[in-house]
Amino acid sequence: MYDVIIIGGGAAGYGCALTLASVENTQEWAKNKKYLMIDNGKSDILNASFFNLAGVPFGIGGDELYKNMQTQLSNFKSCETKNDTVVKLEKNGENFTVTTENKTLEAEIVVIATGMHKFEIESTLTNTIIHNDVMKPGKIALENNNNKIGTNLYVAGLASGAKTMFAIANGEGAKVACEIFKLWTGKSAVAHDVIKDKKI
Ligand SMILES: Cc1cc2nc3c(=O)[nH]c(=O)nc-3n(C[C@H](O)[C@H](O)[C@H](O)COP(=O)(O)OP(=O)(O)OC[C@H]3O[C@@H](n4cnc5c(N)ncnc54)[C@H](O)[C@@H]3O)c2cc1C
C-alpha cells in the first residue's frame, strides 16, 4: 500500500515525486510515507534539448536531464520507481487499485502525469477531452478542476491541459504535491530546504 502513486515519470511526474519525497527527513508527518512513480519511458523530455530551463546547463540534452532527475530522486528512500505500464485505475473503497502490466498495487492518493499523447488507462474515474492548447492536433487531456479530478485523484502536466513547456509541467507536479501536503497537514504546506547554518 502506497500513500501516493504517480502514474507517468516525465516533467510533471518528477516535479511531484521530488517535492513529495524531499520532506521525508524534515517533516514529522512525512516520515513514514511511501511513494511510487510508475513510468513506461516515453517522456517528451527524451526528444528535446533545453535552452530555456532555469538553472540547468544551456542546451542540455533531454536524456541527460532525465538521468539527472533519476539520480536526484534516488537520493530519497521514500520514493520507489517502477518501469511498467499502468493499464487500469479503479476505486477500491477509500483507496485506489492501480493495475499495471505486471502487478496490482494500492494507493491512498493517485496523481496522473501521463502527458498529452494518449490516455490508455481503463478507468471510469477519468474523462478524456481534447487538449486545446497545443499546436499539433489530436492531443488529449483529462477533465479536471485546477488539477483535481476527484477525491484524492489529481492530474498534472500536459495531461491536465497545461501548455507544453517543461517548467509548467514540472511546476504542476510540484503544485499537486503541495496540495497533498495540505491534505495531510490541514494547512498550507510547502517543501523548502535552507542552507545549513544560514540565518534567515
Ligand atoms: C521535441 C521536443 C522539444 C521540446 N523542447 C522544449 C523546450 O525547449 N522547452 C520546454 O520547456 N519544453 C520543451 N518540450 C516540451 C516538454 O518536453 C514537455 O512540456 C514536458 O515533457 C511535458 O511533461 P509531462 O510530464 O506532462 O509529459 P511527459 O514528459 O511526456 O511524461 C509523460 C510520461 O508518462 C508516461 N506514461 C504515459 N502513459 C503511461 C502509462 N499508462 N503507464 C506508465 N507510464 C505512462 C510516458 O512514458 C512519459 O514518460 C519539448 C518537447 C518535445 C517533444
Side-chain angles (χ1 to χ4, degrees), residues 2 4-20 35-70 72-73 79-90 96-105 107 110-126 128-144 147 149 153-177:
Y2 291 91
V4 183
I5 289 182
I6 302 163
I7 308 173
Y14 269 94
C16 188
L18 283 164
T19 306
L20 286 174
Y35 315 114
L36 171 67
M37 186 165 69
I38 306 168
D39 184 61
N40 62 11
K42 296 183 193 132
S43 169
D44 278 351
I45 298 169
L46 298 167
N47 297 315
S49 53
F50 293 92
F51 295 88
N52 49 21
L53 287 195
V56 299
F58 191 66
I60 189 169
D63 47 356
E64 190 184 347
L65 180 68
Y66 196 77
K67 275 195 199 115
N68 289 349
M69 296 194 304
Q70 286 178 317
Q72 202 179 349
L73 188 62
C79 191
E80 290 171 43
T81 54
K82 266 191 209 312
N83 189 340
D84 206 345
T85 298
V86 173
V87 292
K88 198 169 183 183
L89 172 66
E90 299 160 283
F96 293 92
T97 301
V98 177
T99 309
T100 74
E101 285 176 347
N102 299 296
K103 264 198 151 160
T104 300
L105 303 149
V110 169
V111 180
I112 299 172
T114 47
M116 65 175 175
H117 298 294
K118 50 191 173 186
F119 187 74
E120 293 182 327
I121 300 172
E122 183 189 335
S123 184
T124 56
L125 307 172
T126 56
T128 306
I129 54 173
I130 291 168
H131 192 312
N132 60 16
D133 207 1
V134 280
M135 288 175 324
K136 289 186 185 160
K139 304 300 177 193
I140 58 90
L142 300 181
E143 210 165 57
N144 69 93
N147 299 107
I149 294 178
L153 181 60
Y154 297 88
V155 59
L158 305 194
S160 84
K163 286 186 189 298
T164 69
M165 296 297 292
F166 178 101
I168 296 173
N170 193 246
E172 281 211 349
K175 176 188 161 194
V176 165

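Not measured: the values here are computed from a predicted model. Both counts, for ligands and for their atoms, begin at 1 and track the order of listing.
With sequence neighbours excluded, the residues forming a side chain to side chain contact (heavy atoms under 4.5 Å, CB included) with Glu80 are Tyr2, Lys34, Leu36, Lys82, listed by chain and number. With sequence neighbours excluded, the residues that form a side chain to side chain contact (heavy atoms under 4.5 Å, CB included) with Lys163 are Asp133, Ile168.
Donor-acceptor pairing under 3.5 Å is lacking for the side chains of Thr81 and Gln70.
Taking a heavy-atom cut-off of under 4.0 Å, ligand 1 is surrounded by Gly8, Gly9, Gly10, Ala11, Ala12, Ile38, Asp39, Asn40, Gly41, Lys42, Ser43, Asp44, Ile45, Asn47, Ala48, Ser49, Phe50, Asn52, Asp84, Thr85, Val86, Ala113, Thr114, Gly115, Ile121, Gly157, Leu158, Thr164, Met165, Phe166, Ala169.
Sorted by first and then second residue, the side chain to side chain donor-acceptor pair (under 3.5 Å) pairs involving residues 47-63 (not counting sequence neighbours) form an empty list.
At distances below 3.5 Å, at least one donor-acceptor pair connects side-chain atoms of His131 with backbone N or O atoms of Ala162.
Residue Ile112 holds its CD1 atom at 12.0 Å from CD1 of Ile6, rounded to the nearest 0.5 Å.
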